[in-house]
Protein chains: 2
Amino acid sequence: MSISDKKVRVLCVEDDPQLRTFLLAQLKARGFQAQAVSDGAQAIDLAAIFQPQLILLDLSLPTLDGLEFLRRLREWSKAPVIVLSARDEELVKIKALDEGADDYLTKPFSLNELLARVRVALRRADETERLRSGTTGSDLQRPVYKCGGENGLVVDFAHRVVRTGGIEVHLTPTEYDLLCELSRNAGKVLTHRELLQRVWGPDYSGENTYLRTFIRHLRRKLEPDPTQPRFLLNELGVGYFVPPSDSQEL
Amino acid sequence: MSISDKKVRVLCVEDDPQLRTFLLAQLKARGFQAQAVSDGAQAIDLAAIFQPQLILLDLSLPTLDGLEFLRRLREWSKAPVIVLSARDEELVKIKALDEGADDYLTKPFSLNELLARVRVALRRADETERLRSGTTGSDLQRPVYKCGGENGLVVDFAHRVVRTGGIEVHLTPTEYDLLCELSRNAGKVLTHRELLQRVWGPDYSGENTYLRTFIRHLRRKLEPDPTQPRFLLNELGVGYFVPPSDSQEL
DNA sequence: AAAATCTTCACACAATTTTCACAACAATGC
DNA sequence: GCATTGTTGTGAAAATTGTGTGAAGATTTT
């Protein structure tokens, strides 16, 4: 979807109700389809559903810190983020920019400047979008992996939540990382070395035992019948893989 | 060329000699390949020759205005531009951003913030670069081997999948390696020694029995009639080969 | 201290590779 | 034609390797 085609979706994550209302109004007046939330946890939810093409982010949020939101978002989304913050300290700025923010404006800021910077961000994003649409590159962008229909497996990258048969399953950090790596490359066999290096780090390329153990844990938690796996599959002598994601709605 | 591969080329267009020297030194100290000019007309020339991956641009220049430079540059280059200016007026900022600048810093600025914003710009540019090379970049080797039309043999190297008559066939690691070696050199007879060395390693050049066994396994799995092979063919006394890949236009 | 998580080990079992003995086949010379 | 020789195809075994398993110890988190 090209940005010139339809209304551009902008998500505004802002604590201060006054500024939030103001931004929302201004954005809408300029032809954007804008939504707003005041809270970081909700913001992740909305980002996954609303799939905004641009995010305006206040750093000081209740429940989930702005930087933490950014970190979580970047696990599955590349949408440009412009940080709006009252804090002018160099360290905070740099942290935010290195954590994945595309721009940083200090309050109080000029509305026109913000809008100009919004145009810059969208200009860049539109370009990469045009490139992406030509390729198969389906990696990332999609906030969930789904497989096996109604009673199947769901990995919700945005919320770091995994469900099987509709029931939420608790995974340990390593278990989740391993499952993530597999479901991000669904349909492709990842070799033992690849998995070990990506999940445990570059020094563990020989420890096949780790993989066996954690694959077993995952199967025990996720497979209806761990004896006959449907999701976590093995290619003997090569590695492991999960089936391709079900083709989905938007 | 990925940005992480080699030194990133940065062009610094700056009037003030003191700041120019300072930026140049800082950039080089941080592993960039940096060049500088003080004049807009020269800058265009140098940009064309040096092909920088990032440009730092002062707005107040002799001979050719910074904005004019930007306009000219954007006619043929998409390299990210970060404007450094003493002027803090809203109108100038907006003009620059809309004219194609990616960021705008007001002097005096913090060096660390500039470097962070440089990283942001390069991060985005690297991403689009990767996409671009993926689409246009001519794959050196064809990603699939196809032979025998609709009900024939297909080897999908990228996915490590083999199909015959449309049905996916499971191959063991050695079987797959052997088939790969043959189909990568389709149409060419590979000697026993060549195959053994490439698939089993340099110490197995005498074990012809291996070849016979695995060719048999492959034929049993892939050939409609293993008695009369269509794909895995033998050149008596020399070695084995597969027919050339079907020409496939897109 | 307790709980959760990660690491390590030894064994059973299944898939794969290696090995072997022999049948079938093509090329050559009689 | 026929036997000879070397090469290729065949089936089935033994040996090896890879994977699934439970469970115990070490480490980290709470």
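Every chain is numbered from 1, with letters handed out A, B, ... down the list of sequences. Reckoned from all heavy atoms, side chains included, excluding hydrogens, waters and symmetry mates.
- OP1 or OP2 of C:dT7 lies within a sub-4.0 Å distance of a side-chain N or O belonging to A:W200.
- In this structure, the separation between CG on A:L57 and CG on A:L11 is 9.0 Å, given to the nearest 0.5 Å.
- Rounded to a whole Å, the CG atom of B:L211 is 17 Å from the P atom of C:dC20.
- Looking at A:R9, its side chain does come within 3.5 Å of a backbone N or O of A:Q51 through a donor-acceptor pair.
- Distance CG (B:D203) to P (C:dT18): 12 Å, rounded to an integer number of Å.
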Name every donor-acceptor pair, under 3.5 Å, that has one atom in a side chain of residues 206-218 of chain A and the other anywhere in the protein, sequence neighbours excluded.
{"unit_1": "A:T213", "atom_1": "OG1", "unit_2": "A:T209", "atom_2": "O", "d": "2.9"}

Please list every donor-acceptor pair under 3.5 Å in which a side-chain atom of residues 225-233 of chain B meets a protein atom from a residue at least two apart or in another chain.
{"unit_1": "B:D225", "atom_1": "OD1", "unit_2": "B:T227", "atom_2": "N", "d": "3.0"}
{"unit_1": "B:D225", "atom_1": "OD1", "unit_2": "B:T227", "atom_2": "OG1", "d": "3.2"}

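- Contacts of A:Y240 with the nucleic acid, taken as non-hydrogen atoms under 4.0 Å apart, involve only primed sugar atoms and P, OP1 or OP2.
- Looking at A:K221, its side chain never comes within 3.5 Å of a backbone N or O of A:V169 through a donor-acceptor pair.
- Protein atom CZ of A:R212 is 18 Å distant from nucleotide atom P of C:dC6, rounded to whole Å.
- Over its full length, the helix from C:dA1-D:dT30 to C:dC30-D:dG1 turns its helical axis through 30°, comparing axes from the five pairs at each end and rounding to 10°.
- Remark: B:Y210 is not in phosphate contact with C:dT17, judged by side-chain N or O atoms under 4.0 Å from OP1 or OP2.
- Against DNA chain D, the stretch residues 168-181 of chain A makes no heavy-atom approach under 4.0 Å.
- Salt-bridge annotation for A:K93 and A:D88: present, with a side-chain N of the basic residue lying under 4.0 Å from a carboxylate O of the acidic one.
- Of the possible donor and acceptor atoms, none in the side chain of A:N185 sits under 3.5 Å from a partner among the backbone N and O of A:K188.
- Here A:Y176 contributes atom OH and A:H170 contributes atom NE2; the two are 13.0 Å apart, rounded to the nearest 0.5 Å.
- When DNA chain D is scanned 5' to 3' for any atom under 4.0 Å from a heavy atom of chain B, the first and last hits are D:dT7 to D:dG11.
- Counting only distance, with no hydrogens or angles, the side chain of A:T191 and the backbone of A:E194 share a donor-acceptor pair below 3.5 Å.
- A distance-only check finds no donor-acceptor pair linking the side chain of A:S38 to the backbone of A:E14 [under 3.5 Å].
- Looking only at distances, a side-chain donor or acceptor of A:E175 sits under 3.5 Å from a matching main-chain atom of A:T172.
- Near DNA chain D, meaning a heavy atom under 4.0 Å away, the residues from residues 221-237 of chain B are B:N234, B:E235, B:L236, B:G237.
- Looking at which nucleotide of DNA chain D each of B:N208 and B:R216 is closest to, the 5′-most match is held by B:N208.
- Between B:R117 and A:D103, at least one side-chain nitrogen of the basic residue sits less than 4.0 Å from a carboxylate oxygen of the acidic one, meeting the salt-bridge criterion.
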